[in-house]
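Order of appearance sets the numbers: ligands from 1, and atoms from 1 within every ligand.
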Amino acid sequence: MELIKVHDKYFQPFLDENLIRERVAKLGEKISTDFLGKDLVMVGVLNGAFVFFADLCREIKIPIQVSFIGISSYQGIESTGAIKSTIALNGDLKEKNILIVEDIVDSGASMNHLILEFLSLGVASISIATLLFKPEAFRFNYQLDYVGFEIPNKFVLGYGLDYDGLGRNLPLIYQLKTS
Ligand code: IMP
Ligand code: MG
């Protein structure tokens, strides 16, 4: 198995490019059907969601608008729990159907923060798409509408996800090698 080293840690291949591509296409198909005839704004959560967002939006076959928001909560391989909005949304989202696009829902705190923020803007509806979901780490009970993969509670890297700033450009998803 091809291990890679990022900073001080080793990672092993976990989800390959074909698997990700097929799953993203399926999600795109489902979203296209569900939002047929509706105004949809896809909101990407920076930085981590940029790769998933770019692939997912090109699998969507209905007209959409796009917007981005930046938040951060991770330091190293631990979620700090304190969420900061770092970039503001562009455009008026009032009365729009919002699809929040995230790389991963871990504890769920970041997404919870975003849901509250969008509710306060008076949007018509909020749906959630996340490429990865760690059910064992999830501490909330809101619904995730579109989930790419449910994964174990281990740190992952690549396809947008980073470890202290590095690894986002890796084309597949790696998992932290323990032991
Ligand atoms: P949460 O608030 O605990 O759900 O964490 C969500 C955010 O932390 C995501 O948007 C990611 O940017 C980051 N994150 C969570 N788990 C991982 C991971 O395994 N690898 C890299 N980043 C992660
Ligand atoms: Mg993120």
- Item | Exercise: identify the closest heavy-atom pair between V156 and L132 | CG2-CD1, 3.8 Å

- Task: Measure across S127 and D145 and return the closest heavy-atom pair with its distance rounded to 0.1 Å.
- Result: CA-OD2, 3.3 Å

- Query: In this structure, which one of V66, L56, T130, L131 forms a side-chain contact (heavy atoms from CB on, under 4.5 Å) with V101?
  - Reply: L56

- Item | Positive for side-chain contact (heavy atoms from CB on, under 4.5 Å) with L114, one of L119, V45, I128, V43 | V45

Touching ligand 1 at all, [X]? Heavy atoms, strictly under 4.0 Å?
| X | result |
| --- | --- |
| S110 | yes |
| L157 | no |
| L176 | no |
| H113 | no |

- Message: Quick one: does any side-chain atom of Y163 pair with a main-chain N or O of K9 as donor and acceptor, under 3.5 Å?
- Response: no

- Query: Does R139 use its side chain to pair, donor to acceptor, with the backbone of S107 at less than 3.5 Å?
  - Reply: no

For [X], counting its heavy atoms only, list the atoms of ligand 1 lying under 4.0 Å from any of them.
| X | answer |
| --- | --- |
| A109 | 2 (O), 4 (O) |
| D162 | 21 (C) |
| K134 | 16 (N), 17 (C), 18 (C), 19 (O) |

- Message: Please check whether V156 reaches ligand 1 - meaning an N/O of the residue sits under 3.5 Å from an N/O of the ligand, judged on distance alone.
- Response: yes

Side chain, backbone, both or neither: the part of [X] lying under 4.0 Å from ligand 1 by heavy atom:
| X | value |
| --- | --- |
| M111 | neither |
| D106 | both |
| I71 | neither |

- Would one find more than 12 heavy atoms of other residues, nucleotides or ligands at under 6.0 Å from atom CG of N141? no

- In terms of its nearest heavy atom to atom 4 (O) of ligand 1, the top option of G108, A137, G48 is G108

- Task: Please work out which of L114, D103, I151 has its closest non-hydrogen atom nearest to atom 12 (O) of ligand 1.
- Result: D103

- Query: According to the interplanar angle, ranging from 0 to 90°, do the rings of F52 and Y159 count as parallel (below 30°), tilted (30 to 60°) or perpendicular (above 60°)?
  - Reply: tilted

- Quick one: do D162 and R168 make a salt bridge, cutoff under 4.0 Å? yes

